[in-house]
Amino acid sequence: MAMAWLQLQRIITKGGANLISTLPHSTPYSSSRFFSKSSLYVVKVGIPEFLNGIGKGVESHVPKLESEIGDFQKLLVTRTLKLKKLGIPCKHRKLILKYTHKYRLGLWRPRVESIKA
């Protein structure tokens, strides 16, 4: 252990400490985040927009959830047992709960559908 420490000290004193600072600050490696194109977001999110944003067949449950739950804020705090009692399959329940959690944390929002002419 002591030998490894002495070797490390020799590397540092011989100029090894400057290895980190050899990259100029304008290189892409120095920036902390990379951003892609900004995406358009829905201004008002309701149950239909939310489930359509998830996709993967979950949007088929829009009428059922709108009639039973009614409000999007109530959907954000709905538990799995309530969704199970409504007859929503396990895969769809998992997707709904996963995306409601991401939405509450601010990590995901449904995208605006592009208008096709």
Side-chain angles (χ1 to χ4, degrees):
M1 182 74 178
M3 288 299 284
W5 180 251
L6 289 174
Q7 288 174 344
L8 185 60
Q9 279 184 330
R10 284 186 199 134
I11 292 171
I12 291 173
T13 56
K14 289 183 181 177
N18 290 333
L19 291 176
I20 297 172
S21 63
T22 57
L23 288 175
H25 294 288
S26 62
T27 63
Y29 303 109
S30 65
S31 65
S32 62
R33 296 184 186 202
F34 295 99
F35 293 102
S36 61
K37 293 190 300 186
S38 63
S39 56
L40 302 172
Y41 293 112
V42 177
V43 176
K44 182 192 176 298
V45 178
I47 292 176
E49 293 86 11
F50 186 78
L51 296 181
N52 287 331
I54 295 173
K56 301 176 186 171
V58 178
E59 60 272 1
S60 63
H61 304 293
V62 169
K64 191 183 309 181
L65 289 175
E66 279 192 321
S67 65
E68 294 295 324
I69 294 177
D71 186 26
F72 178 63
Q73 295 303 317
K74 288 181 185 175
L75 177 65
L76 291 178
V77 294
T78 301
R79 305 259 175 143
T80 187
L81 193 59
K82 173 77 172 174
L83 296 175
K84 187 174 183 177
K85 287 179 181 177
L86 294 175
I88 297 174
C90 182
K91 278 188 174 181
H92 291 172
R93 286 196 306 266
K94 286 173 78 172
L95 283 170
I96 292 170
L97 294 172
K98 174 181 157 183
Y99 282 95
T100 53
H101 182 68
K102 285 184 176 185
Y103 185 87
R104 280 183 304 212
L105 294 176
L107 299 175
W108 179 84
R109 290 182 69 84
R111 299 180 81 164
V112 172
E113 297 292 325
S114 58
I115 300 170
K116 298 178 181 176

Under the side chain to side chain contact (heavy atoms under 4.5 Å, CB included) rule, what do Val58 and Ile88 come out as? Steps first, then yes or no, please. CA-CA 9 Å; Val58 178; Ile88 297 174; over 6 Å; no
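Atom NZ of Lys64 is surrounded by more than 12 heavy atoms from other residues, nucleotides or ligands within 6.0 Å.
For Glu68, the side chain to side chain contact (heavy atoms under 4.5 Å, CB included) test picks out Leu86, with sequence neighbours left out.
In this structure a side-chain-to-backbone donor-acceptor pair under 3.5 Å is missing from Glu66 to Pro63.
With contacts defined as side-chain heavy-atom distances shorter than 4.5 Å, the pair Pro110/Asn52 does not qualify.
Between the NE2 atom of His61 and the CD1 atom of Ile54 there is a distance of 10.5 Å, given to the nearest 0.5 Å. Here the NZ-CG distance, from Lys56 to Leu51, works out to 13.0 Å after rounding to the nearest 0.5 Å. Distance check, rounded to the nearest 0.5 Å: CD of Glu49 to NZ of Lys44 gives 6.0 Å. Residue Arg93 holds its CZ atom at 13.0 Å from OG1 of Thr78, rounded to the nearest 0.5 Å.
A pairwise comparison of heavy atoms in Phe50 and Val45 identifies CB-CG1, 4.1 Å as the closest pair.
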Could you go through residues 94-103 and list every donor-acceptor pair under 3.5 Å that involves a side-chain atom there, pairing it with any protein atom two or more places apart or in another chain?
| unit_1 | atom_1 | unit_2 | atom_2 | d |
| --- | --- | --- | --- | --- |
| Thr100 | OG1 | Ile96 | O | 3.1 |
| Thr100 | OG1 | Leu97 | O | 2.9 |
| His101 | ND1 | Arg104 | NH2 | 3.3 |
| Tyr103 | OH | Arg109 | NH1 | 3.2 |

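Grouped by direct or indirect side-chain proximity (heavy atoms under 4.5 Å, Ile/Leu/Val/Met/Phe/Trp/Tyr only), Leu105 sits with Leu107.
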